[in-house]
Colleague: 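Quick one: the structure is below, and I'll ask about it shortly.
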Protein chains: 2
Amino acid sequence: MAFRMTEQSYLVLLALAQQPRHGYGVAQAVKDLTDGAVRLGAGTLYGILDRIVAEGYAEASGEQVVDGRLRRYYRLTDAGGDALAAETTRLQALARRAHQVLRARPAGQLGFTGRTVASAV
Amino acid sequence: MAFRMTEQSYLVLLALAQQPRHGYGVAQAVKDLTDGAVRLGAGTLYGILDRIVAEGYAEASGEQVVDGRLRRYYRLTDAGGDALAAETTRLQALARRAHQVLRARPAGQLGFTGRTVASAV
DNA sequence: CGATATATATCACTCAACGACCTATCGGCG
DNA sequence: CGCCGATAGGTCGTTGAGTGATATATATCG
């Protein structure tokens with residue numbers, strides 16, 4: 001039952017943390033936040049929005065009609081903000097550790113030049 | 001067909017970047033790398049190993065029998081190292097941006113205190 | 001003897017992600 | 001005017017990664 005914090009749902013929470021947004025706006029914000037790397041399709045987007053609302057991480061924040069088109073807004077809740085902060089901390093720690101690993105292992109290095117660990121074949 | 005770089009497969013690549021490891025060793029390394037937060041079950045683990053080998057990100061690196069138990073080793077390839085570095089860069093950028101967003105939005109803040117954006121209901 | 005840890009592997013199930021599709025409005029182009 | 005792309009909402013079927021259960025086997029500890 002537990003909510004699964006995937007990267008996509010994380011990005012949606014992050015987009016909502018910037019400001020309340022409507023669905024389509026969330027998709028655009030995610031695209032911006034990831035430099036175009038992550039593009040949320042409609043199926044993914046509304047599925048995630050439903051899930052984070054069900055989890056209490058966001059809530060409907062009213063509707064507006066702009067240029068004849070309906071906009072359904074969502075707002076991050078405190079619980080959503082907490083979850084987002086926790087996940088961000090986790091991500092930062094992971095990124096930091098990953099950087100350490102890569103720094104200790106420069107590109108092109110094939111094992112330790114000194115000796116090979118129990119070279120089994 | 002494209003390989004999906006999920007967090008779990010990323011962690012496996014990272015574990016292999018530290019040093020060649022056997023399956024069970026990878027699971028333990030991932031547990032360590034994430035401070036116990038991510039625990040790979042057998043199904044997840046071997047599924048990922050098969051996928052990253054199929055993708056050319058890692059390769060079998062021989063077998064050893066230690067204490068009567070078979071150990072099947074895997075070694076990161078150059079392609080795997082590149083993919084890992086690229087994903088790490090992406091993660092760092094995301095973490096940095098997420099930090100900016102959260103810094104601009106301290107915990108407990110409910111929208112801008114000055115005015116509410118076109119408060120629609 | 002049984003439990004736990006090590007070590008590999010398979011299998012069925014679930015559900016998030018994805019792409020395709022649908023409706024509808026607005027603005028621009030020819 | 002018709003068509004297209006962008007905006008905005010939504011559904012639906014497929015796929016496949018992740019998960020837990022299960023199986024096999026050995027070593028160690030109590």
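Just so it is clear: chains get the letters A, B, ... in the order the sequence lines come, proteins before strands, and each one is counted from 1. Note that these values count all heavy atoms, side chains included, but never hydrogens, waters or copies made by symmetry.
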Colleague: State which residues pass side chain to side chain contact (heavy atoms under 4.5 Å, CB included) with A42(B); sequence neighbours excluded, sorted by chain then number.
Modeller: Y46(B)

Colleague: List every contact pair, protein side and nucleotides 26-30 of chain D side both N or O, where the distance is under 3.5 Å.
Modeller:
residue: dT26(D); atom: O2; partner: R69(B); partner atom: NE; Å: 3.0
residue: dA27(D); atom: O4'; partner: R69(B); partner atom: NH2; Å: 2.9

Colleague: CD of E63(A) versus C1' of dA8(D): gap in Å, rounded?
Modeller: 12 Å

Colleague: Could you state the atom-to-atom distance from CG of L45(A) to P of dC18(C) in whole Å?
Modeller: 11 Å

Colleague: Rounding to an integer number of Å, can you tell me how far M5(B) CE sits from dC18(C) C1'?
Modeller: 19 Å

Colleague: Hey, what do you get for CD (E87(B)) to CE (M5(B)), rounding to the nearest 0.5 Å?
Modeller: 5.0 Å

Colleague: Rounded to whole Å, how long is the line connecting atom CZ of F3(A) with atom P of dT14(C)?
Modeller: 21 Å

Colleague: So which nucleotide from dA7(C), dA17(C), dA8(D) ends up closest to the side chain of I48(A)?
Modeller: dA17(C)

Colleague: Send over the distance from L13(B) CG to dA17(D) P, rounded to a whole Å.
Modeller: 14 Å

Colleague: Any salt bridge (Lys or Arg N to Asp or Glu O under 4.0 Å) involving residues 23-33 of chain B? Give me the pairs, sequence neighbours left out, ordered by first then second residue.
Modeller: none

Colleague: For D50(A) and for R71(A), find the nucleotide of DNA chain D with the closest heavy atom, then tell me which residue's nucleotide is more 5'.
Modeller: R71(A)

Colleague: For DNA chain C, find the residues of residues 30-37 of chain A with a heavy-atom distance under 4.0 Å and give them by number; none if there aren't any.
Modeller: none

Colleague: What contact category does E7(B) fall into here, base, sugar-phosphate, or nothing, at under 4.0 angstrom with non-hydrogen atoms?
Modeller: nothing

Colleague: Could you list, one pair per line, each protein nitrogen or oxygen that sits under 3.5 Å from a nitrogen or oxygen of nucleotides 12-15 of chain D, together with the distance?
Modeller:
none

Colleague: Ignoring the backbone of Y74(B), work out which of dG9(D), dA7(C), dA9(C) is nearest its side chain.
Modeller: dA9(C)

Colleague: Give every residue pair that meets the salt bridge (Lys or Arg N to Asp or Glu O under 4.0 Å) criterion with at least one member in residues 9-20 of chain A, sequence neighbours excluded.
Modeller: none

Colleague: How would you label the contact of G47(A) with the nucleic acid (heavy atoms, under 4.0 Å): base, sugar-phosphate, or nothing?
Modeller: nothing

Colleague: Closest approach to the side chain of Q28(B), judged atom by atom: which nucleotide of dT6(C), dG18(D), dA17(C) is it?
Modeller: dT6(C)

Colleague: Nearest to the side chain of Y24(A), heavy atoms from C-beta on, is which of dA16(C), dA9(C), dT7(D)?
Modeller: dT7(D)

Colleague: To the nearest Å, how far apart are L49(B) CG and dA17(D) P?
Modeller: 14 Å

